[in-house]
There are 2 protein chains.
Amino acid sequence: MDDRFKLENQLCFRLYTASRLITQAYYPLLNVFGLTYPQYLVLLVLWERDAQPVNDIAKRLMLETNTVTPLLKRMEAEGLLKRSKGKEDARQMIVKLKKKGRDLQNKLTDVPETVGGAVLCDSVTPETVPALFGMLDDIIEQLKR
Amino acid sequence: MDDRFKLENQLCFRLYTASRLITQAYYPLLNVFGLTYPQYLVLLVLWERDAQPVNDIAKRLMLETNTVTPLLKRMEAEGLLKRSKGKEDARQMIVKLKKKGRDLQNKLTDVPETVGGAVLCDSVTPETVPALFGMLDDIIEQLKR
DNA sequence: TATATTTGCATCGTGAACGATATAAATGTT
DNA sequence: AACATTTATATCGTTCACGATGCAAATATA
């Protein structure tokens, strides 16, 4: 067999699987509050800075607006945030947290540590994580072009 | 701001983004042949060993059958493979490549190297890749439980 | 042998992802 | 000012992912 095509030699398959499994680890923690993982990411962005246009949120998450717009609409329907036309630029949609969305931060304080702790193992420790972060950041930077 | 919630401190967001971006790098290479990335993964599994039950393919890719079954049906509709009831166990569906699916291997010989080369950068080199693989494998093993 | 349990696969519904395309507002050019 | 181009967002269609659930075949237990 051609080794090039072995699943074990594929970086992408590892990233894809690791990403899926960590997302699954978030599931029970977020599902209690009716959140999905991408919705949680949007909250992270808005907790850092509230009232951002759709485009800024999309850029931060490196997603397209055709992914983010429906996501935001679902979150608006849940009462987590409000989307409203921009004042200075009428093309923009400004996304602002509502109380329900802001208050979730206090309820989710344990989430980062819980998931962070769940992945720790022999080769992934507080000491080695920075190196892993660096490699992943470089890969992302490389592919963003 | 609470540093725990900063996007930059999230391992999962990096994995999620890196995975998405690499999958996008595959897109133009696979799309020429009408393939998606998960379909390509199925081909990798079947090229290694042909004629496997759905469950073995799903386990190998660490996916559920409710993801794999529709995927295989689409590939069957494309004429890449054939699904047929197992002889010894009537519950099983045996998935076997058709000529079109087998022949794709020769047409995709450059794909692994092309994508593999596209991610190389300062911190990700032939020397450091094994360490990265090891960490990702450990994370996956840890989360599989 | 009858019944309970497990196993393998499928169906259903929802929510991403994302390529392709559309639309309106803003900006640039003539 | 008229027109072209860019920008911000949205719509559409297709394909995953995946939790929940269903069903039939195989296996275990009574």
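Basis for what follows: all heavy atoms, side chains included, without hydrogens, waters or symmetry-related copies. The sequence lines fix the lettering, A, B, ..., with proteins before strands; numbering per chain opens at 1.
B:N66 places its CG atom 13 Å from the P atom of D:dT21, with the value rounded to the nearest Å. In this structure, B:K87 places its NZ atom 16 Å from P of D:dA25, rounding to the nearest Å. The CG-P distance, from B:L61 to D:dT15, rounds to 18 Å in whole Å. Atom OH in B:Y26 sits roughly 20 Å away from atom C1' in C:dG19 (whole-Å rounding). The distance between atom CD of A:E64 and atom P of C:dT21, rounded to the nearest whole Å, is 15 Å. Atom NZ of A:K73 and atom C1' of D:dA8 are 14 Å apart (whole Å). Counting to the nearest Å, the P atom of C:dA17 and the CD1 atom of B:I22 are 16 Å from each other. Nucleotide C:dA16 holds its C1' atom 13 Å from the CE atom of A:M75, rounded to whole Å.
A:Y27 comes within 4.0 angstrom of the backbone, heavy atoms only, and of no base. Looking at heavy-atom distances under 4.0 Å, B:T65 makes contact with a base. Among the heavy atoms of the strands, none lies under 4.0 Å from A:P70. Note on B:Q92: only backbone sugar-phosphate atoms sit closer than 4.0 angstrom, heavy atoms only; bases stay farther off. At a threshold of 4.0 angstrom between heavy atoms, the contacts of B:N31 with the nucleic acid are absent. At a threshold of 4.0 angstrom between heavy atoms, the contacts of A:T67 include nucleobase atoms, whether or not backbone atoms are also involved. At a threshold of 4.0 angstrom between heavy atoms, the contacts of A:K59 with the nucleic acid are absent.
Closest to the side chain of B:N55, out of C:dC9, C:dC18, D:dA17, is C:dC9. Relative to the side chain of B:T69, the nucleotides C:dA10, C:dC9, D:dC16 differ in distance, and C:dA10 lies closest.
Contact detail for B:T23 and A:C12: the closest heavy-atom pair is OG1-SG, 3.9 Å. Scanning all heavy atoms of the two residues, the minimum distance from A:C121 to B:Q142 falls at CB-OE1, 3.5 Å.
Distances shorter than 4.0 Å separate some side-chain N or O of B:T36 from OP1 or OP2 on D:dC16. For the OP1/OP2 pair of D:dC16 and a distance below 4.0 Å, the side-chain nitrogens and oxygens of B:Q39 include at least one atom meeting the criterion. Residue A:R74 has no polar side-chain atom (N or O) positioned under 4.0 Å from OP1 or OP2 of C:dT14.
Ring-plane geometry between B:Y37 and B:Y26 is classed as tilted, the angle between the planes lying from 30 to 60 degrees on a 0 to 90 degree scale.
For A:R91 against D:dT7, a side-chain N or O and a base N or O form a donor-acceptor pair under 3.5 Å.
Heavy-atom distances to DNA chain C give each of B:R83 and A:Y37 a nearest nucleotide, and the one nearer the 5′ end belongs to B:R83. Comparing B:P53 and A:D89 along DNA chain C, the residue whose closest nucleotide (by nearest heavy atom) sits nearer the 5' end is B:P53.
Ion pairing of A:E8 with B:R60 is present here, as a side-chain N (NZ or NE/NH1/NH2) and a carboxylate O approach within less than 4.0 Å. A salt bridge between B:E76 and B:K73 is absent, with no side-chain N of the basic residue lying under 4.0 Å from a carboxylate O of the acidic one.
Checking each of B:D103, B:L43, B:L104 against B:L97 for a side chain to side chain contact (heavy atoms under 4.5 Å, CB included) leaves exactly one that passes, namely B:L43.
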